[in-house]
Amino acid sequence: QVQLVESGGGLVQAGGSLRLSCAASGRTFSRGAMGWFRQGPGKEREFVAAITGSGGSTYSADSVKGRFTISRDNAKNTLYLQMNSLKPADTGVYYCSSRRSTRLATNPNAYDYWGQGTQVTVSS
């Protein structure tokens with residue numbers, strides 16, 4: 001089992017920045033791909049960004065490309081999401097996720113473990 005604990009959410013003004021962190025614990029023999037998802041009010045959970053197990057490749061949703069950067073530090077067992085130029089549309093609960101496969105995935109059903117979520121609110 002893998003346990004994921006998120007931090008870094010909060011309230012920011014439009015145009016501001018936040019850095020989310022996700023600390024992973026548990027079995028680390030095989031480091032799978034990880035991803036960030038978000039869920040706004042009254043919306044389904046949507047893909048934000050993903051990164052391969054090694055951190056060598058990333059993929060981001062069109063809505064956040066050029067603004068958000070996903071990264072990981074496997075030595076620290078930590079996943080990050082740097083969010084810049086935030087917009088009110090970015091508001092939602094952000095979830096860290098992990099899967100056993102090392103390959104990228106955008107479908108939340110492909111992920112095996114989830115954090116509790118952290119609230120990000122962007123004001124106008």
Side-chain angles (χ1 to χ4, degrees):
Q1 292 285 328
V2 174
Q3 295 81 48
L4 305 173
V5 180
E6 296 138 321
S7 62
L11 173 65
V12 297
Q13 291 183 293
S17 298
L18 281 175
R19 190 192 195 196
L20 305 183
S21 297
C22 174
S25 62
R27 192 171 181 269
T28 58
F29 175 74
S30 180
R31 298 183 183 274
M34 300 186 75
W36 289 98
F37 292 78
R38 67 188 182 189
Q39 187 168 13
K43 298 181 179 180
E44 296 295 314
R45 191 169 299 186
E46 67 173 349
F47 171 76
V48 176
I51 188 167
T52 55
S54 68
S57 183
T58 65
Y59 184 78
S60 300
D62 289 343
S63 60
V64 306
K65 284 182 178 176
R67 300 188 300 121
F68 291 10
T69 302
I70 187 171
S71 62
R72 67 192 296 166
D73 186 339
N74 286 345
K76 297 181 179 179
N77 297 316
T78 303
L79 176 74
Y80 303 98
L81 184 67
Q82 178 65 48
M83 305 185 294
N84 298 325
S85 301
L86 283 161
K87 307 173 181 179
D90 296 318
T91 293
V93 179
Y94 282 68
Y95 296 91
C96 169
S97 59
S98 177
R99 65 194 303 245
R100 290 183 291 273
S101 171
T102 61
R103 299 168 63 185
L104 294 172
T106 61
N107 192 319
N109 292 332
Y111 289 82
D112 303 299
Y113 309 102
W114 294 85
Q116 81 287 351
T118 184
Q119 177 70 42
V120 172
T121 302
V122 185
S123 62
S124 301

Test item: [X] side-chain N/O and [Y] main-chain N/O as donor-acceptor pair under 3.5 Å:
X	Y	value
R72	G55	no
S57	T52	no
R45	P108	no

Tell me whether K65 is salt-bridged to D62, with the criterion being a basic N under 4.0 Å from an acidic carboxylate O.
yes
To the nearest 0.5 Å, how far apart are [atom1] in [X] and [atom2] in [Y]?
X	Y	atom1	atom2	value
E44	R38	CD	CZ	14.5 Å
S123	Q13	OG	CD	5.0 Å
E46	T106	CD	OG1	11.5 Å
M34	I51	CE	CD1	9.5 Å
Q119	T91	CD	OG1	7.5 Å
Q82	I70	CD	CD1	12.5 Å

Linking Ile, Leu, Val, Met, Phe, Trp and Tyr by side-chain heavy atoms under 4.5 Å, what else ends up with V93?
F37, F47, Y59, Y95, L104, Y111, W114
Which heavy atom in [X] sits nearest to a heavy atom in [Y], and how many Å separate them?
X	Y	value
R67	D90	NH1-OD2, 2.8 Å
L79	C96	CD2-SG, 3.7 Å
S85	S17	N-OG, 4.3 Å
V2	A24	CG1-CB, 4.4 Å
Q116	E6	N-OE1, 3.1 Å

Is any side-chain heavy atom of L86 closer than 4.5 Å to a side-chain heavy atom of F68?
yes
Should Q3 and Y113 be marked as a side chain to side chain contact (heavy atoms under 4.5 Å, CB included) after you check the CA-CA gap, both sets of side-chain angles, and the distance that decides it?
CA-CA 7 Å; Q3 295 81 48; Y113 309 102; over 6 Å; no
With D73, which residues qualify under salt bridge (Lys or Arg N to Asp or Glu O under 4.0 Å), at least two apart?
none
Would a single hydrophobic cluster contain both L81 and V120, if residues Ile, Leu, Val, Met, Phe, Trp and Tyr are joined by side-chain heavy-atom contacts under 4.5 Å?
yes
For residues Y80 and L4: do they belong to one hydrophobic cluster (side chain heavy atoms under 4.5 Å, members Ile, Leu, Val, Met, Phe, Trp, Tyr)?
no
Run the ring pair (Phe, Tyr, Trp, His ring centres under 6.0 Å) test against Y94 and tell me which residues pass, sequence neighbours left out.
none
